[in-house]
Amino acid sequence: LKKDWLEQNYHMEFPLFFVRIWAQILELIFEAGNYKELNLELQTLASDSEWCNSNYFVAAWVRCTPLYYSGYRAALQRDELNLRQFTQAWERRPLLDQLYLFGYETKASFFIGYAYYLNRKFEDAEHEFAKICKVPGDWYCLSTLISAWIFRLICQMEMGSWKKIVRLAERF
């Protein structure tokens, strides 16, 4: 499908739809654990000057995607060093509200909270997880939302805030 779209130049006519297709392809490759192919796809994506200059949304997605997957991978592998590097890089990047549709902001907040959690900074971690829980309409990231609630409870337990645990558990 991707090859056909590139050959027919549909990606120039329907860039947002093509970004959705490409995002699904990357997600499937990542879920399959084929990191070499994922890195190759991300390099191809970043080196395509037509994509990088086509419009603000697509250019933002192209710049953001490799960074996002580095955080995703670091979180799954519990790699503290790469998670910290991801956290610093993600916080420096400008806020890209258009990418909210892909759940990048929600998942990135989770990675950042998880990095704080690994460093035993429970108050900061709870703050990041709380950002996610304030937007429960974010159903396309339901697993991230549930994980954030659970980690919020764990952080509250670690801090000994029993009143907050009860209040949080009631809302959950």
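- Between Gly113 and Phe129, the closest heavy-atom pair is C-CZ, 3.5 Å.
- Among residues two or more places apart in sequence or in another chain, the side-chain contact (heavy atoms from CB on, under 4.5 Å) test is passed with Gln24 by none.
- With 3.5 Å as the limit, one finds no donor-acceptor pair spanning the side chains of Glu41 and Tyr69.
- Ile29 contributes atom CD1, which lies 4.0 Å from atom CD of Glu37 (distance to the nearest 0.5 angstrom).
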Apply the test side chain to side chain contact (heavy atoms under 4.5 Å, CB included) to residues Asn34 and Lys36: give CA-CA distance (whole Å), side-chain angles for both, the deciding distance (0.1 Å), then the verdict. CA-CA 6 Å; Asn34 193 344; Lys36 285 184 180 179; 4.2 Å; yes
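- Note on Leu76 and Leu26: same hydrophobic cluster, where clusters join Ile, Leu, Val, Met, Phe, Trp and Tyr whose side-chain heavy atoms are under 4.5 Å apart, directly or indirectly.
- Applying the side-chain contact (heavy atoms from CB on, under 4.5 Å) test to Leu28 and every residue at least two apart in sequence or in another chain returns nothing.
- Proximity of Phe110 to Phe151: side-chain heavy atoms (C-beta onward) are separated by under 4.5 Å at one or more points.
- Taking each heavy atom of Gly71 and Leu83 in turn, the nearest pair found is O-CD2, 4.2 Å.
- Within the 4.5 Å cutoff, the side chain of Glu158 has heavy atoms near those of the Arg120 side chain.
- The side chain to side chain donor-acceptor pair (under 3.5 Å) contacts involving residues 76-86 comprise Arg78-Tyr114, Asp79-Asn82, where partners must be two or more places apart or lie in separate chains.
- The cluster map of Ile, Leu, Val, Met, Phe, Trp and Tyr, joined by side-chain heavy atoms under 4.5 Å apart, puts Leu40 and Leu38 in different clusters.
- Residues forming a side-chain contact (heavy atoms from CB on, under 4.5 Å) with Glu123 (at least two apart in sequence, or on another chain): Met159.
- Going from atom SG of Cys155 over to atom NZ of Lys121 covers 13.0 Å, rounded to the nearest 0.5 Å.
- Ser70 meets the side-chain contact (heavy atoms from CB on, under 4.5 Å) test with Leu67, Phe86; sequence neighbours excluded.
- One finds the NE2 atom of His127 at 9.0 Å from the OG atom of Ser109 (value rounded to the nearest 0.5 Å).
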For a side chain to side chain contact (heavy atoms under 4.5 Å, CB included) check, start with the C-alpha distance between Tyr68 and Phe111, then their side-chain angles and the critical distance, and finish with the verdict. CA-CA 9 Å; Tyr68 167 75; Phe111 302 157; 3.9 Å; yes
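- A cation-pi geometry, defined here as NZ or CZ lying under 6.0 Å from the six-membered ring centre and within 45° of its normal, does not hold between Arg73 and Phe30.
- Residues passing the ring-ring contact (aromatic ring centres under 6.0 Å, His included) test with Phe122, sequence neighbours excluded: Tyr117.
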